[in-house]
Participant: 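Submitted below is the structure of interest, expressed as structure tokens.
Just so it is clear, the values below take in all heavy atoms, side chains as well, and ignore hydrogens, waters and symmetry mates.
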Amino acid sequence: MIAFVSGPVAALAPDAAVVEVGGIGMAVQCTPATLATLRVGQPARLATSLVVREDSLTLYGFADDDERQTFELLQTASGVGPRLAQAMLAVHSPDALRRAFASGDEKALTAVPGIGKKGAQKLLLELKDRLGEPVASGGSQAGVGTPVGAGWRDQLHAALVGLGYATREADEAVAAVTPQAEAALAEGTQPQVGHLLRAALQTLNRAR
């Protein structure tokens, strides 16, 4: 198993980063919040999980070991593959997921693209005791509090399309959260990709 990769970031895409490790470019699938912390040419260290299939080897990257462990635990539930597990971490931090499962928060799970009411109920039954108790520390929200650079609209739009939404839906969701982002900028603070993504997903769920 490849536990982590470390090296300069060679390239960034809406759903992946290429990290140069010993002269080899390693393609790593990441959540939008993790990608937003990376910069081309700058060093990075990502905790990783290698998913082996008959026809592919896919490396998933995370901001820390907690995210990676949560990603792997989520896949112990029937019907949860790496893509859905990553989508869950794109919407919620590991501690937010622990709180959701500990409290039986069905609404939090249905905020994830691909999880309906029945699916959320099934996941709550299967995973309630597997993720552990919430850490409830001040740093527990790091996974959803990543600052966004000047191109926050493009990053948010790419994240929504990467989660499976149509371009039109992504456009509407970005427009819906624009006042929230502009309010943050007016106060002299940077909008945060995780918070914007969660707000955008809530508007899309209400529109269904």
Side-chain angles (χ1 to χ4, degrees), residues 14-16 29-35 49-56 58 60-63 66-136 140-145 156-177 180 192-208:
D15 61 352
Q29 302 290 312
C30 302
T31 65
T34 298
L35 289 170
S49 178
L50 180 64
V51 176
V52 180
R53 295 287 185 266
E54 288 184 3
D55 58 350
S56 66
T58 306
Y60 289 84
F62 309 93
D66 189 22
E67 277 194 6
R68 178 184 62 193
Q69 183 178 24
T70 303
F71 171 80
E72 293 172 348
L73 286 171
L74 289 170
Q75 292 177 77
T76 63
S78 59
V80 178
R83 287 291 185 182
L84 183 57
Q86 189 179 53
M88 293 170 76
L89 285 166
V91 179
H92 300 295
S93 68
D95 213 45
L97 285 172
R98 285 190 282 267
R99 284 195 296 272
F101 283 105
S103 63
D105 190 349
E106 182 181 304
K107 187 176 180 181
L109 296 185
T110 57
V112 179
I115 299 180
K117 183 179 178 65
K118 290 184 179 179
Q121 292 171 343
K122 183 180 178 183
L123 286 171
L124 287 172
L125 287 173
E126 288 196 45
L127 292 172
K128 182 177 181 180
D129 299 320
R130 297 187 194 177
L131 297 187
E133 293 297 317
V135 177
S140 65
Q141 294 298 318
V144 294
L156 179 57
H157 191 277
L160 290 166
V161 172
L163 287 171
Y165 287 99
T167 299
R168 177 185 59 79
E169 292 177 309
D171 289 339
E172 293 172 354
V174 170
V177 301
Q180 179 180 330
Q192 296 182 329
V193 67
H195 294 311
L196 290 175
L197 181 60
R198 291 173 67 182
L201 289 169
Q202 288 171 1
T203 67
L204 288 166
N205 288 333
R206 286 196 294 268
R208 287 177 178 174

Participant: Sequence neighbours excluded, which residues qualify as side chain to side chain donor-acceptor pair (under 3.5 Å) partners of Ser56?
Facilitator: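 Ser56 satisfies side chain to side chain donor-acceptor pair (under 3.5 Å) with no residue once adjacent residues are dropped.
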Participant: May I ask you to decide whether Arg98 forms a salt bridge with Asp95, counting only side-chain N to carboxylate O separations under 4.0 Å?
Facilitator: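 A salt bridge is present here (some side-chain N lies under 4.0 Å from a carboxylate O).
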Participant: Listed by chain and number, what are the side chain to side chain donor-acceptor pair (under 3.5 Å) partners of Gln180, not counting sequence neighbours?
Facilitator: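 Gln180: no side chain to side chain donor-acceptor pair (under 3.5 Å) contacts found.
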Participant: I'd like to check the salt bridge (charged side-chain N to carboxylate O under 4.0 Å, His left out) partners of Asp105; sequence neighbours left out, ordered by chain and number.
Facilitator: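 Once residues adjacent in sequence are excluded, Asp105 has no partner under the salt bridge (charged side-chain N to carboxylate O under 4.0 Å, His left out) criterion.
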Participant: With Ala63, which residues qualify under side-chain contact (heavy atoms from CB on, under 4.5 Å), at least two apart?
Facilitator: Thr34, Glu67
Participant: Quick check: closest heavy atoms across Ala100 and Leu124, and the distance to 0.1 Å?
Facilitator: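 For Ala100 versus Leu124, the nearest heavy atoms are O-CD2, 3.8 Å.
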Participant: Residues two or more places apart in sequence or in another chain: which of them pass side chain to side chain donor-acceptor pair (under 3.5 Å) with Glu126?
Facilitator: Ser78
Participant: Tell me every residue that passes salt bridge (charged side-chain N to carboxylate O under 4.0 Å, His left out) with Lys117, counting only those two or more places apart in sequence or in another chain.
Facilitator: Glu106
Participant: Quick one: which of Gln69, Glu72, Arg68 gives a side chain to side chain donor-acceptor pair (under 3.5 Å) with Ser49?
Facilitator: Glu72
Participant: Just wondering, do Gln121 and Leu109 contact through their side chains at under 4.5 Å, heavy atoms?
Facilitator: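 Answer no - side chains too far apart.
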Participant: With heavy-atom distances below 4.5 Å as the criterion, would you say the side chains of Leu131 and Pro94 are in contact?
Facilitator: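 With C-beta onward as the side chain, the pair stays apart.
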Participant: Could you tell me which non-hydrogen atom of His92 sits nearest to which non-hydrogen atom of Ala111, and how far apart they are?
Facilitator: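 Looks like NE2-CB, 4.4 Å.
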Participant: Would a 4.5 Å heavy-atom cut-off, applied to side chains only, mark Lys122 and Lys118 as touching?
Facilitator: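 Lys122 vs Lys118: side chains apart.
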Participant: Run the side-chain contact (heavy atoms from CB on, under 4.5 Å) test against Leu127 and tell me which residues pass, sequence neighbours left out.
Facilitator: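 If we apply the side-chain contact (heavy atoms from CB on, under 4.5 Å) test to Leu127, skipping adjacent residues, the hits are Leu74, Thr76, Ala77, Phe101, Leu123, Arg130.
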Participant: Can you sort out the partners of Thr70 under side chain to side chain donor-acceptor pair (under 3.5 Å), two or more places apart, ordered by chain and number?
Facilitator: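 Partners of Thr70 under the side chain to side chain donor-acceptor pair (under 3.5 Å) test: none.
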Participant: I need the minimum non-hydrogen distance between Gln75 and Ala85, along with the two atoms involved.
Facilitator: CG-CB, 3.9 Å
Participant: Could you check Val174 against Leu196 for side chain to side chain contact (heavy atoms under 4.5 Å, CB included), going step by step and ending with a plain yes or no?
Facilitator: CA-CA 9 Å; Val174 170; Leu196 290 175; over 6 Å; no
Participant: How far apart are the closest heavy atoms of Thr203 and Ala176, and which atoms are they?
Facilitator: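 That closest heavy-atom pairing would be CG2-CB, 4.0 Å.
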Participant: Mark yes or no for whether Gln29, through its side chain, and Pro82, through its backbone, hold a donor-acceptor pair below 3.5 Å.
Facilitator: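 Checking the backbone N and O of Pro82 against the side chain of Gln29, no donor-acceptor pair under 3.5 Å is found.
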Participant: For Leu50, give me all partners under side-chain contact (heavy atoms from CB on, under 4.5 Å), at least two apart in sequence or on another chain.
Facilitator: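 side-chain contact (heavy atoms from CB on, under 4.5 Å) list for Leu50, sorted by chain: Val52, Leu57, Leu59.
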Participant: Enumerate the residue pairs fulfilling ring pair (Phe, Tyr, Trp, His ring centres under 6.0 Å) with a member in residues 70-91, sequence neighbours excluded, ordered by first and then second residue.
Facilitator: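 Of all non-adjacent pairs touching residues 70-91, those that pass ring pair (Phe, Tyr, Trp, His ring centres under 6.0 Å) are Tyr60-Phe71, Phe62-Phe71.
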Participant: Listed by chain and number, what are the salt bridge (charged side-chain N to carboxylate O under 4.0 Å, His left out) partners of Arg53, not counting sequence neighbours?
Facilitator: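 Salt bridge (charged side-chain N to carboxylate O under 4.0 Å, His left out) check on Arg53 returns nothing, list empty.
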Participant: Tell me, please, which residues at least two apart from Glu169 pass salt bridge (charged side-chain N to carboxylate O under 4.0 Å, His left out).
Facilitator: none
Participant: Over all heavy atoms of both residues, which pair between Thr110 and Ala120 is shortest? Give the atoms and the distance, please.
Facilitator: CG2-CB, 3.8 Å
